[in-house]
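Each remark here refers to the structure printed beneath this line.
Atoms within each ligand, like the ligands themselves, are counted from 1 in listed order. Below, all heavy atoms of this structure are taken into account, side chains as well, without hydrogens, waters or symmetry copies.
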Amino acid sequence: MNEEMMTLEPRGAGDVAAGTAPKRYFVKTFGCQMNVYDSQRMADALAADGYSATENPDDADLILLNTCHIREKAAEKVYSDVGRLREIKAQRKAAGQQTTIAIAGCVAQAEGAEIIRRAPLVDLVIGPQTYHRLPDAVRRARAGEKVVETDYAVEDKFDHLPAPKPAATRSRGVTAFLTVQEGCDKFCTFCVVPYTRGAEVSRPVGQIIAEAERLAASGVREVTLLGQNVNAWHGEGADGRAWGLGELLRRLADIPGLARLRYTTSHPRDMDDGLIAAHRDLPNLMPYLHLPVQAGSDRILKAMNRKHTADDYLALVERIRAARPDIALSGDFIVGFPGETDEDFEATLDLVRKVRYVAAYSFKYSPRAGTPGAGMADQVPEAVKDTRLQALQTLLNEHQADFVGALKGKPVEILIERQGKEPGQVVGRSPWLQPVIVDEKAGGIGDIVTVRITGTGYTLYAEPL
Ligand code: 5AD
Ligand code: SF4
């Protein structure tokens with residue numbers, strides 16, 4: 001999944017349960033969209049336990065860092081962040097206030113008790129499969145216990161995590177994430193996810209529909225289904241048949257109010273006919289697909305254990321484009337995987353030239369302990385990785401600029417998501433995920449309107465039609 005650092009917005013005082021002492025929590029979220037979703041669910045659990053949110057860690061009785069382990073830099077960041085909390089904890093203690101520091105997410109799952117050994121400041125370590133136990137774990141930590149909850153719970157956390165109040169959902173905006181699948185069985189040789197998020201598990205259809213209906217009833221217009229391998233989702237439909245993600249999307253497309261559907265992140269091997277047909281048939285399924293390929297050389301794809309060739313991927317892209325000609329693709333790339341030669345890297349550039357992605361996330365290979373890649377011979381020197389990353393990004397940026405440049409003068413349908421920075425402006429999003437700034441005359445938050453693109457760059461500008 002893509003990485004973007006985000007801090008969750010604070011929530012209304014209405015979330016505090018009556019009769020309990022008001023306590024405050026501060027959440028900082030690292031990593032992918034699933035962590036954003038998880039932070040919201042943890043916030044819901046804390047709200048049900050009488051906590052309210054604060055944006056200021058100095059005011060927080062509970063400081064929760066929801067962490068990412070995907071690359072080394074992301075994981076190390078946690079320790080430097082914890083270090084910076086030492087002062088806050090000491091100052092609050094001097095004022096007679098207790099501060100509980102909790103580490104959640106993939107670093108918590110991967111390192112467990114080691115985190116407390118390395119950073120004794122931490123009181124609580126909790127892995128993604130046990131978030132429903134967070135309020136209880138916090139209580140134990142506040143009673144003086146060092147708590148480590150990283151087992152894979154036998155019970156389904158989603159059965160135990162409380163739903164947010166409608167007001168809380170509304171305060172999060174008109175777009176929402178909804179996790180439908182977690183974990184990964186693919187074992188790409190560079191990746192820690194199968195170890196941190198465990199085996200592939202799909203949430204049941206009924207649970208997903210109920211959550212989507214609840215979101216829609218609170219005013220959410222766009223839902224993005226999340227999973228580490230979202231298109232590996234499968235379940236038993238209301239009709240008793242086996243459903244894949246395509247059938248699930250068809251069902252969700254019928255929910256009144258839900259105007260836009262998206263899903264991420266997909267593996268090329270799981271793009272089945274039912275899902276491709278959903279792109280052909282469902283106007284609410286946005287014409288945008290994040291379909292990571294990682295590399296363009298068959299030798300490297302094999303070493304990465306991707307289980308497909310470059311040609312397999314290109315043929316798949318062709319089928320998807322035949323079903324939905326206006327679909328835009330985005331991808332993830334790794335440069336400098338062990339053994340990658342100049343020729344291998346050229347094959348990646350070739351593939352990129354053929355696909356022409358509208359957005360992409362590209363990374364230097366980062367060896368992760370416990371994954372097969374870390375032990376492979378022929379690790380690529382950092383300087384070579386730097387050069388390749390730059391060359392790749394230059395090419396990707398050209399394609400991205402061409403795509404948005406071509407939108408100039410065209411009518412585009414946007415979902416208006418929020419107020420703009422300037423008075424009188426609102427910010428919407430195109431079907432292809434670009435932010436679009438337009439005069440508020442175009443419509444209000446939650447409206448889907450057609451505007452004409454007048455200026456392009458990272459952000460698009462538009463005029464009402
Ligand atoms: N090094 C560099 N990039 C990685 N990714 C996953 N593991 C690594 C690693 N060890 C990238 C992949 C994946 C994205 C979420 O992060 O491109 O698709
Ligand atoms: Fe990691 Fe590969 Fe699974 Fe994606 S498919 S989460 S890259 S192991």
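Those atoms of ligand 2 that come under 4.0 Å of a heavy atom in Phe187, given as number and element, are 8 (S). Of all atoms in ligand 1, numbered sequentially from 1 with element shown, those under 4.0 Å from a heavy atom of Lys364 are 1 (N), 2 (C). Under a 4.0 Å criterion applied to the non-hydrogen atoms of Pro194, ligand 2 contributes the atoms 8 (S). Taking a cut-off of under 4.0 Å to the non-hydrogen atoms of His267, the atoms of ligand 2 that pass are 5 (S).
Salt bridge present: Arg84 and Asp81 bring a charged side-chain N and a carboxylate O closer than 4.0 Å. For Arg133 and Glu155, the salt-bridge test passes: some basic side-chain N is under 4.0 Å from an acidic carboxylate O. Asp272 and Arg319 are not joined by a salt bridge, as no carboxylate oxygen comes within less than 4.0 angstrom of a charged side-chain nitrogen. Salt-bridge annotation for Arg269 and Asp312: absent, with no side-chain N of the basic residue lying under 4.0 Å from a carboxylate O of the acidic one. Salt bridge status for Arg203 with Glu211: present, with a side-chain N to carboxylate O gap under 4.0 Å. Using a 4.0 Å cut-off between charged nitrogen and carboxylate oxygen, Glu213 and Arg251 count as a salt-bridge pair.
Among Gln294, Met304, Lys385, the residue whose heavy atom lies closest to atom 12 (C) of ligand 1 is Gln294.
Shortest contact from atom 7 (S) of ligand 2 to any protein heavy atom: Phe190 CE1, 3.6 Å. With hydrogens left out, the protein atom closest to atom 1 (Fe) of ligand 2 is Cys191 SG, 2.2 Å, a heavy atom. Of all protein heavy atoms, the one closest to atom 8 (S) of ligand 2 is Cys188 N, 3.3 Å.
Between Phe158 and Tyr37, the angle of the ring planes lies from 30° to 60°, which puts this pair in the tilted group.
Only the side chain of Asn229 comes within 4.0 Å of ligand 2, judged by heavy-atom distances. Under 4.0 angstrom from ligand 2, there are no non-hydrogen atoms of Pro292. Looking at Phe190 against ligand 1, both its backbone and its side chain come within 4.0 Å, counting heavy atoms.
The shortest N or O to N or O distance between Pro292 and ligand 1 is not below 3.5 Å. Of the N or O atoms in Ser366, one or more lie within a sub-3.5 Å distance of an N or O in ligand 1.
Under 2.8 Å from atom 1 (Fe) of ligand 2 lies no N/O/S atom of Cys184, from backbone or side chain alike.
Here the side chain of Thr130 pairs no donor or acceptor atom with the backbone of Ile126 at under 3.5 angstrom.
Remark: aromatic rings of Phe403 and Trp432 are close, center separation under 6.0 Å.
The closest approach between Glu72 and ligand 1 stays at or above 4.0 Å for every heavy atom of the residue.
Judged by a 6.0 Å distance limit and a 45° cone about the ring axis, Arg71 is positioned over the six-membered ring of Phe363.
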